[in-house]
Novice: 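Just passing along the structure, written as structure tokens.
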Amino acid sequence: MIGTRDRLVALLIGVAVTAIVAVASTTQGIVRDEAYYMKAGELHVRYYEDALSGRLTHPLSDQAIVPFWAYVAEHPPLLPTLYGVSWRVLHRCTCALDGAWHPEAARITGGQHTTLAVLSELSAFRLPTAIFFGWMCALVYLFFIAALGSRWGALAAALLMFAQPRAFFHAQTASFDLPVATLWLATTVAYWRALDSKRWWPAVATGILCGLCLATKLQSFLLPVALGLHCAWLVVRRRTAEVHAATRSFLMMALIGPGLLFALWPWLWHDTFARLGYYLRFHLEHVHYNFEYLGRNFNQPPYPWHEPLGMLLFTAPVVMLVLAAGGIVSLAWPADRWQDDGRSTRALLLVAGAVPVGVFLAGRQPIYGETKHWLATMPFLALAGGYAFDRLRDGLWRELRVMPGTARDIALSICLIVVAAAPSVVETYHSHPYGLSHYNALAGGPPGGADLGMNRQFWGYSVKGLLPWLNATLPPGAVLYPHDWNHDSWLLYERGGALRPDIVEAGGVAGSDAALVIHEKHFNEFDFQIWEEYGHVQPAQVLTLDGVPLVSIYLRRTDASR
Amino acid sequence: MLTWVRQAQARLMVAALVCVAAWEIGVLLSARQSEPSAEQWRAAAAAIPSTLQADQLIVFAPPWLDPLGRRWLGERMTPQQVARMDTARFREIWEVSVRGAVAKDVASATPASEQRFGPLRVRRFSREAAAVTWSLADAGHICEIDFEPRRGVPLDLQTSMGQTLRSFPGVTLGTELQAYAGLADYQKRARNRSKAFIQVLVDGVEVTRGFAGNDDGWVALPTVATAAGTHDVAISARVQEPDGAVDLSVCVAAEGRTRSR
């Protein structure tokens, strides 16, 4: 049973996680799509601002909507809108001075936005994802107590969720994968709570969360499938009351979910089916980007069925994997407390955790997203890990009778939490800010991952580590070939003062004074282009993680410098 | 014994967990410490001649070390050497490696010397080198073959009936001719559903042949003995086994050589 103290602890966890992630994100490079989502955020929030202030005379008309919502119409609106709201409320404003960097429809030509002015623009944009991560860890804590009953186990589960290099990485960025994983968990928890109720409001809450999930990212379409499988299991078990409760939830998900998506997405208010069709087609026909796995570059199906499992095995902290495996085994052979579980909680944990990663085992889905497309699996692994932790703690308490009961419980629990969480915390700290390039101890760390031929990185995020060097080294007005470093990310760095404004972006290696290569297997050819163009093979600087090259930069040699 | 194990089950499992946790932290810390420092790179570089002749080569292992190795030793390397056809022309190879890795160019060779500079290992290999009398690579550019650099001449084929021929009249051959072929450009390899059939002709007569497919990498065609002197060399490529899209960017390289033995 969850009490006030538990809610306070959950709040503390949420706030602490949010704060840590928000601070860490200030050193995190900008990933490819973030710049687009930030731009969309500015446009979306400006639409609401203009609509509510009366500056838009017909705010519901398509002519009013298109300038603010046609951009990034391939993703649902919730997170870009939240990024925009966070930016609008919190950023330190110089928007009139640097108007050229803002999307045209959202520019101001004079004065300042009235804001709280507490964060940089980048941090303000990114804050909502950090809050989602805090919410996820707090939810893991509360759900564990509600479903499995142990506060120490809940704390371990929350820590195991927090200290995961890849999840931590995504939590720092203004992108959708961590938020949709949080909403997947939240909807599952709401559905689980509704199973125990004969009233409608828990089902309504499930419907609302499902709607928010739909308004976040496409994976949400799989959520009713996962919950449907669980409901089918309830039918098999002849749990009539729970089936009725589940039906109420599905009804609310079917009614509120699409309704909320429609309400939050003005883009769909006109030409609804054509625009919805574009959204779905964009993802169903999505290009297959390159991804290196076990030494081979994949850019079209069929992919190895084991790729998601391999990525999980080599990227999640090992102690967390061991505990999660133990927890799954323990849950599969339950203790007495499970005998009367009418809600089939274990089956729910299984399907809600397995479906996000399971769809990738078919070998047909694009794998370029490494672990991010099935981040929703991770809280369920953390819950299983917490369960194993609690069983160990319980067993140890019975075996070691060295102190009085309560003191023994506290001492053993703290020691065990240190053992369970310390490697994960070390690993996450170790990986920052290059979480996408990190591999765990099973792989042998980042060098081991490179030996195995695992994907080095993607999204061109790691160039941030070279910006100080570029600023200090390149001559005034130098022309730099940025390789896979996204143009809009370049502009954001420039806007935030992290990149010198006189450095000129080149469209190709020819004519450049300096050239970057972001190391991924399929990008090797860019090294070769540079060697041909510059006539030498020597990078002037190489950014590394534990000795593994992430980015090289070459300088064109003048006759004097040869 | 079994009773004791049952009674100490949790303690044993926690002990195992402590071991896993310690190992995990240890591996990560050791991975960080295994990164060579700038001083160690400088020391390793000092162990290698500061000016290398055309028949001396530096290689790195594992392959991912290459950009960092070139950062410290790249002024002693040329694009031609890095994108070499093979290592037959090199009498001395310096291998710089970490983590006990071995470069495939020296995989079965015995080093003449070995030095260590922290995590860096520098090994020198001496060998009999072939004298190169003619190299097709001089007329080519760097192609990406199996994600590695290879200097060669491109022969493009886009239709199932396509055939390309490149002639090199009046070249000086030695006692043997070695040719290689591979499919350039990973994007083309992803589209392509055919193989390339490559023939090498000397004075109008086929002397060696081979096939290059999407996953074949850099293929060494059988070496042929040749009469030393001036000859006309031609290399042709045509489509073999088309099974769908044909998009072949065949890259070929060849060397006329004379071996001292």
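Values in this document were obtained by computation on a predicted structure and should not be read as measured data. Each chain gets a letter, A, B and so on, in the order the sequences are listed, and its residues count up from 1.
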Novice: Can you classify the ring geometry of A/His432 versus A/Phe168 as parallel (below 30°), tilted (30 to 60°) or perpendicular (above 60°)?
Specialist: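 Geometry flag for A/Phe168 against A/His432: perpendicular rings.
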
Novice: Which atoms of B/Arg11 are under 4.5 Å from chain A, going by heavy atoms: the side chain, the backbone, both sets, or neither?
Specialist: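 B/Arg11 touches chain A through backbone and side-chain heavy atoms alike.
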
Novice: So which residue, B/Gln9, B/Glu35, B/Arg70, ends up with the most heavy-atom pairs under 4.5 Å with chain A?
Specialist: B/Arg70

Novice: Measuring heavy-atom distances to chain A, does B/Glu148 have an atom under 4.5 Å in its side chain, in its backbone, in both, or in neither?
Specialist: backbone

Novice: Name the option with the most non-hydrogen atom pairs under 4.5 Å to chain A; the candidates are B/Ala101, B/Pro149, B/Ala184.
Specialist: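 With the most close heavy-atom pairs to chain A, the winner is B/Pro149.
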
Novice: Contact part of B/Arg151 toward chain A, heavy-atom cut-off under 4.5 Å: side chain, backbone, both or neither?
Specialist: side chain

Novice: So which part of A/Asn299 gets closer than 4.5 Å to some heavy atom of chain B, the side chain, the backbone, both or neither?
Specialist: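 Only the side chain of A/Asn299 comes within 4.5 Å of chain B.
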
Novice: Testing the basics here: between B/Ile145 and B/Cys251, what is the closest heavy-atom pair and its distance to 0.1 Å?
Specialist: CD1-CB, 3.6 Å

Novice: Under a 4.5 Å heavy-atom cutoff, which of A/Phe528, A/Trp531, A/Tyr554 has the most pairs with chain B?
Specialist: A/Phe528

Novice: Before giving the answer on side-chain hydrogen bond (donor to acceptor under 3.5 Å, both in side chains), spell out for B/Glu92 and B/Trp94 the whole-Å C-alpha distance, their side-chain angles and the decisive distance to 0.1 Å.
Specialist: CA-CA 7 Å; B/Glu92 188 172 78; B/Trp94 293 86; 2.9 Å; yes

Novice: Quick one: what part of A/Glu427 sits under 4.5 Å from any heavy atom of chain B, side chain, backbone, both or neither?
Specialist: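 When you check distances to chain B, atoms from both the backbone and side chain of A/Glu427 fall under 4.5 Å.
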
Novice: Side chain, backbone, both or neither: which part of A/His522 has an atom under 4.5 Å from a heavy atom of chain B?
Specialist: both

Novice: What residue in B/Asp185, B/Leu29, B/Val82, B/Val18 has the most heavy-atom pairs under 4.5 Å with chain A?
Specialist: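 Of B/Asp185, B/Leu29, B/Val82, B/Val18, B/Val82 has the most heavy-atom pairs under 4.5 Å with chain A.
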
Novice: In terms of heavy-atom pairs under 4.5 Å with chain B, which of A/Leu416, A/Asp451, A/Asn297 leads?
Specialist: A/Asp451

Novice: Considering all heavy atoms of both residues, which atom of B/Arg76 and which atom of B/Ile58 are nearest to each other, and what is their separation?
Specialist: CB-CD1, 4.1 Å

Novice: Identify which of A/His536, A/Lys521, A/Gln538, A/His438 forms the greatest number of heavy-atom pairs closer than 4.5 Å to chain B.
Specialist: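 Highest number of heavy-atom pairs under 4.5 Å: A/Gln538.
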
Novice: What verdict does the ring pair (Phe, Tyr, Trp, His ring centres under 6.0 Å) test give for A/His288 and A/Phe298, after you've listed the backbone C-alpha separation in whole Å, the side-chain angles of each residue and the deciding distance to 0.1 Å?
Specialist: CA-CA 9 Å; A/His288 292 262; A/Phe298 291 92; over 10 Å; no

Novice: Would A/Arg166 count as a cation-pi partner of A/Tyr439, with NZ or CZ less than 6.0 Å from the six-membered ring centre and within 45° of the ring normal?
Specialist: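 Yes, A/Arg166 and A/Tyr439 form such a contact.
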
Novice: Which bit of A/Arg456 is near chain B, if near means a heavy-atom gap under 4.5 Å: side chain, backbone, both or neither?
Specialist: side chain

Novice: Hey, which of A/Asn524, A/Leu396, A/Val426 has the most heavy atom pairs under 4.5 Å with chain B?
Specialist: A/Leu396

Novice: Given that the side chain runs from C-beta out, which part of A/Val322 has a heavy atom under 4.5 Å from chain B: side chain, backbone, both or neither?
Specialist: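 For A/Val322, side-chain heavy atoms alone lie under 4.5 Å from chain B.
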
Novice: Any luck finding a side-chain donor-acceptor pair between B/Gln40 and B/Ser37 under 3.5 Å?
Specialist: yes

Novice: In terms of heavy-atom pairs under 4.5 Å with chain B, which of A/Pro447, A/Gly395, A/Ser424 leads?
Specialist: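 Maximum pair count with chain B is reached by A/Pro447.
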
Novice: Any ion pair linking A/Arg556 and A/Glu533 (charged N to carboxylate O, less than 4.0 Å)?
Specialist: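 Yes, A/Glu533 and A/Arg556 are salt-bridged.
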
Novice: Looking at B/Glu144, B/Glu75, B/Arg71, B/Met13, which has the largest count of heavy-atom pairs under 4.5 Å with chain A?
Specialist: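 Option with the greatest count: B/Arg71.
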
Novice: Atom CZ of residue position B/Phe211 - does it have more than 12 heavy atoms of other residues, nucleotides or ligands inside 6.0 Å?
Specialist: yes

Novice: For A/Gln529, which atoms come within 4.5 Å of any heavy atom of chain B: side chain, backbone, both, or neither?
Specialist: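 Neither part.
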
Novice: Are any of the side-chain nitrogens in B/Arg193 or B/Asp247 under 4.0 Å away from the carboxylate oxygens of its partner?
Specialist: no

Novice: For A/Gln300 and A/Val287, what are the C-alpha separation, side-chain angles and deciding distance, and is it a side chain to side chain contact (heavy atoms under 4.5 Å, CB included)?
Specialist: CA-CA 9 Å; A/Gln300 57 186 336; A/Val287 64; over 6 Å; no

Novice: Checking B/Pro62 against chain A: side chain, backbone, both or neither under 4.5 Å from a heavy atom?
Specialist: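 Only the side chain of B/Pro62 comes within 4.5 Å of chain A.
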
Novice: Who among A/Gly445, A/Ala540, A/Ser552, A/Ala422 has the most heavy-atom pairs with chain B under 4.5 Å?
Specialist: A/Ala540

Novice: Flag the pair B/Arg189 and B/Asp146 as a salt bridge only when some basic side-chain nitrogen lies within less than 4.0 angstrom of an acidic carboxylate oxygen.
Specialist: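 So B/Arg189 does not pair with B/Asp146 through a salt bridge.
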
Novice: Regarding A/Asp390 and A/Arg393, does a basic nitrogen lie under 4.0 Å from an acidic carboxylate oxygen?
Specialist: yes

Novice: By a 4.5 Å heavy-atom criterion (distance strictly below it), what part of A/Leu442 contacts chain B: side chain, backbone, both, or neither?
Specialist: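 Contact with chain B is through both the backbone and side chain of A/Leu442.
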
